[in-house]
Visitor: 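What follows is a structure written as structure tokens; I'll ask about it next.
Whatever order the structure lists ligands and atoms in, that order sets their numbers, starting from 1.
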Amino acid sequence: MSASVINALKLTGLSEEEIEKLIERPKDQTHGDFAFPCFTLAKTMKKSPVHIAQDLVKRIDKDGFEKVEAVGPYINFFLDSKKLANNILNKIMKEKKKYGSNSSGKGKTIVIDMSSPNIAKPFGIGHLRSTIIGNSISEIKKFESYKTVKINYLGDWGTQFGKMIVGYKKFGNEKDLRKDPIKYMLQLYVEGNKEEYEQEARDWFRKLEDGNKEATRLWKMFKEISLKNFNAIYKKLGVEFDVISGESLYNKKMDKLVIELEKKGLLERNDGALIVDLNKEGLGVALIKKTDGATLYITRDLAVAIDRCNNYKFSQMLYEVGQEQKLHFKQLFTILDKMGYTWAKNCVHVEHGLYLDQDGKKFSTRKGKTVLMEEILEETIELAKSEIKKRDNLEENELNERARKIAIASIFYGDLKNHRAYDMVFDLERFISFEGDTGPYLLYSLARANSMLEKVKISKNFKITSVDNYERKLINELSNFPEIVVSASKELSPSSIAHYAYNLAQKFNEFYHSCQVIGSKEEKFRLAIVKSFAQVLQNALHLLGIPTLKKM
Ligand code: ARG
């Protein structure tokens, strides 16, 4: 929001926040850059909104505006284009990577529980969403000066390991396991999951929880193999974590937690199992300990949350997890609250929807087979390579790295442009297209700007004689970035940044096609626009976790 508008409107007696709420940004530029509706003032001023608008326009301070006019019940503000251009371009070129950032999170820590795949299972498509969205939210929060702690909380504990161990004991051997581990482990699980082995599986998990040697050895082997596979995926995605944690680390804290629940009068016995009754809250019953003494996902999550609060003193803890776990997180936060932890209100389930295939079905299998993340990534990289080969002849290493980056841009942007809470179609062919609302289109626009900038020297002293329509639209968009960051952060919504980046690139391409830059009379001014555009797009891509490249 332009400070000059707020200043100008102070004479209404409204507060800054009230003005910000009321002010509109007309889509049609003939109504100005900002429009202020006078309806709400009618009550206090006891005049018609039309009269109020006319009266205010006479008295308003018009400094910084080309024009301020009353049209019906509205006051329309037209910013002084030259002043605006001068201010914004200089600001961007001065602040560079920091343009759009702010210090609202200074001294505060945000914990982000993200990615969190399950050991001995394929890295799921839902975990990919969590990785991409969690990573972007972390970048956005860091841009607001928060300290973020990205925690990968591996699903490495639970009754499924009893099933895995049974499957392995009955059908498995290490040699085959090492050959094609992920698919093999999946098979072992399917075998061990059969009804006839239910009791044996339960016994094995019990043994694992009690520290049995053989159970522990097998579990460690599954974990080590899985981690190797996950790490290769993270490397390709270019995502890193601050902490690698996992459910297994909390096994030893279960007793203490159960005692605490008991002391606080929350535990009830039910057929030999321990539960917390949340029926009053409309959340059913949370199972804390099974009849056989085994603990559950939620039991561990309770201990984890308390531990993280002690360790990080977070101002907020975000769980970037699919919406199918809604009930789990509602139960978790409610129990923490009942335990007297006031910080429970600072825990948020940042849910995401599903990936769907073209037929609208859950995207997790293809031709009946589980889709493996490695395969998707490889396929995307191959698609990117064939696109690059159409335009450039590159040496192997460079080709690989450029293709990887384009693949990341395709997948990350393909995901992040959708509001995270909605289901979305995972359509690689569309994601990777160089045209339309895609990641590669953004990289391409950036490369176009950079190649122009490479050819010339940019001077800081540009004179603006006039600002035409395309320049004006692009500069306006550049000036919006800081506000977009604030709202994306507040709403935990990377899609706002994604939309912004796309709009910005479109405005740049319109400008590029209608305004000659190099060799024109306006060269210095227009180069400053190009330079600022490249900077802001790069900042936006950075917030999405998308790496940039010099050439496409
Ligand atoms: N491993 C779990 C899953 O794949 C996600 C864990 C999310 N984080 C948590 N603290 N519960 O479903």
Visitor: Using the test side chain to side chain contact (heavy atoms under 4.5 Å, CB included), find all partners of Asn193 that sit at least two apart in sequence or belong to another chain.
Guide: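 If we apply the side chain to side chain contact (heavy atoms under 4.5 Å, CB included) test to Asn193, skipping adjacent residues, the hits are Lys163, Tyr189.
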
Visitor: Suppose the criterion is ring-ring contact (aromatic ring centres under 6.0 Å, His included): which pairs have a residue in residues 250-286, not counting sequence neighbours?
Guide: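 Residue pairs passing ring-ring contact (aromatic ring centres under 6.0 Å, His included), neighbours aside: none found.
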
Visitor: At their closest point, which heavy atom of Ala498 faces which heavy atom of Leu416, and how far apart are they?
Guide: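 Distance-wise, the nearest heavy atoms are CB-O, 3.8 Å.
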
Visitor: Could you go through residues 540-552 and list every donor-acceptor pair under 3.5 Å that involves a side-chain atom there, pairing it with any protein atom two or more places apart or in another chain?
Guide:
| unit_1 | atom_1 | unit_2 | atom_2 | d |
| --- | --- | --- | --- | --- |
| His542 | NE2 | Glu139 | OE1 | 3.3 |

Visitor: Can you tell me which residues line ligand 1 if we count any heavy atom under 4.0 angstrom from one of its atoms, in chain and number order?
Guide: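 Asp113, Ser116, Asn118, His127, Tyr153, Tyr297, Asp301, Tyr319, Val321, Gln325, Phe329.
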
Visitor: Would you call Arg178 and Glu224 a salt bridge, using N to O less than 4.0 angstrom?
Guide: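 Here Arg178 pairs with Glu224 in a salt bridge, since their nearest N and O are under 4.0 Å apart.
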
Visitor: Test side-chain hydrogen bond (donor to acceptor under 3.5 Å, both in side chains) on Tyr355 and Asp415 and set out the steps.
Guide: CA-CA 9 Å; Tyr355 278 150; Asp415 184 321; 2.6 Å; yes

